[in-house]
Amino acid sequence: MLIQRIITASVLAFLIALAVFTLPTESLSFNFSLVIGFITLLGAWEWSHLAGITSPVKRSLFLLALILPMLGLHFWTQILELIAQAVDWPDIRDYSGALEWLVIPPVLFWILMMILIRNTPTGVLNLKLADRYKVLIGWFVLLSAWMFLSRLRVFYGPQMTMYFLILIWAADISAYFVGKKWGSTKLAPEISPGKTVAGMYGALIAGAVCAAIFIGYYGYRDGFMWSRIFDFVLLSVLTVLVSIYGDLFISVVKRQCGAKDSGTLLPGHGGILDRIDSMIAAIPFFYAGIVLIGLDS
């Protein structure tokens, strides 16, 4: 099983790295946002099952409800340009940056989920929500993840995007092996018996190490500013912390519907959501932090 997981993870990592560094952002046919959107829709299909939606028609409508705003967000500047020309309102072009404010709701959502899962794991696990609310939550978190991973690639380049992915992967790997070696105290046994406090600390340390290595690039380019270095290390560690609780959040959803995995698409890993659960929570938080720090690509 471990060998199968390693092989699958290695292939996926290679393909994702290839997409990050080679796919264009400006192409209207085949670009990075489209690839990430396809992966997001696969995760959405799995989410609809976890939310209790069994009808193929309703599950397809859920995908459509994601595709339409994805298209609107992807072509946001073009839409504003068309409006500016159609109604002779050139100032509307200034609203192209309004999308940055949309990062606030998902950041607040994941901070709230982290607090709730940390303090009342049993209460979160036993919370009964109607299927429509589960669908709405899935729509919200998946759309947010797609949007801000795409924007990270567009505005901060492939290096920063790849750093974010490596940060989450390194944290996951460290949490697994440190937890196996030294884990005795469970982090949230009601939700995920395999996760340990030691594994969480291993992930946080891995995040700090990744940040310390990567920030050297910016330090060499811009001159070492210790306040910025500290901010970036802190952001990376907090991003890892949020990612851990994003993983636990998806575990809550799976436990509530009695599923061990979100799907069977990936050998040794389960489904798409089983692979991107940490990233779904982490990317809005990381993107917001990068904007606040003011790092350029």
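Here the straight-line distance linking atom CG of L143 with atom CD1 of I280 works out to 12.0 Å at 0.5 Å rounding. Note that CG of L108 is 11.0 Å distant from CE of M113, once rounded to the nearest 0.5 Å. Between the CD1 atom of I39 and the CD1 atom of I16 there is a distance of 5.5 Å, given to the nearest 0.5 Å. A distance of 10.5 Å separates CG in D247 from CD1 in I168, rounded to the nearest 0.5 Å. To the nearest 0.5 Å, the span separating CG on L142 from CD1 on I272 amounts to 11.5 Å.
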F62/V135 under side chain to side chain contact (heavy atoms under 4.5 Å, CB included): CA gap, chis, key distance, verdict: CA-CA 8 Å; F62 178 52; V135 169; 3.5 Å; yes
field: Trace of the side chain to side chain donor-acceptor pair (under 3.5 Å) decision for Y163 with S236
entry: CA-CA 10 Å; Y163 169 75; S236 297; 2.7 Å; yes
message: Run the side chain to side chain contact (heavy atoms under 4.5 Å, CB included) test on K254 and K260 for me, step by step, so that the C-alpha distance in whole Å, both residues' side-chain angles and the decisive distance to 0.1 Å come before the verdict.
response: CA-CA 6 Å; K254 289 187 292 187; K260 182 180 183 296; over 6 Å; no
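Nearest heavy atom pair, residue V124 against residue Q256, reads O-NE2, 3.3 Å. The two residues S174 and G202 have their closest heavy-atom pair at CB-O, 3.6 Å. Shown here for A212 and V233, the closest heavy-atom pair between the two residues is N-CG2, 4.3 Å.
L82 and I79 fall into different hydrophobic clusters, defined by Ile, Leu, Val, Met, Phe, Trp and Tyr side-chain heavy atoms under 4.5 Å apart, directly or through other members. In terms of hydrophobic clustering, with Ile, Leu, Val, Met, Phe, Trp and Tyr side chains grouped at heavy-atom distances under 4.5 Å, L68 and I36 are assigned to different clusters. Grouping the Ile, Leu, Val, Met, Phe, Trp and Tyr side chains by contacts below 4.5 angstrom, directly or via other members, places V57 apart from L41. Grouping the Ile, Leu, Val, Met, Phe, Trp and Tyr side chains by contacts below 4.5 angstrom, directly or via other members, places V107 with L112. Hydrophobic clustering, with ILVMFWY side chains joined whenever heavy atoms are under 4.5 angstrom apart, keeps W47 apart from L61.
Proximity of I191 to F249: side-chain heavy atoms (C-beta onward) are nowhere separated by under 4.5 Å. Proximity of F214 to I166: side-chain heavy atoms (C-beta onward) are nowhere separated by under 4.5 Å. Taking the side chain as every heavy atom from C-beta outward, V154 and H74 never approach each other to under 4.5 Å. Looking at M279 and W169, their side chains come closer than 4.5 Å, going by heavy atoms from C-beta outward. Here the side chains of M200 and V240 are not in contact, with every heavy-atom distance at 4.5 Å or above.
Residue pairs meeting the ring-ring contact (aromatic ring centres under 6.0 Å, His included) criterion with at least one member in residues 112-151, sequence neighbours excluded, are F109-F140, F148-Y287.
Within 6.0 Å of atom CH2 in W76, 12 or fewer heavy atoms from other residues, nucleotides or ligands are found, so the atom counts as exposed in its surroundings. A 6.0 Å sphere centred on CZ of F38 holds no more than 12 heavy atoms belonging to other residues, nucleotides or ligands.
Cluster partners of W182 are V178, counting Ile, Leu, Val, Met, Phe, Trp and Tyr whose side-chain heavy atoms approach within less than 4.5 Å, directly or via other members.
A salt bridge links R151 with E100; the closest basic N to acidic carboxylate O contact falls under 4.0 Å.
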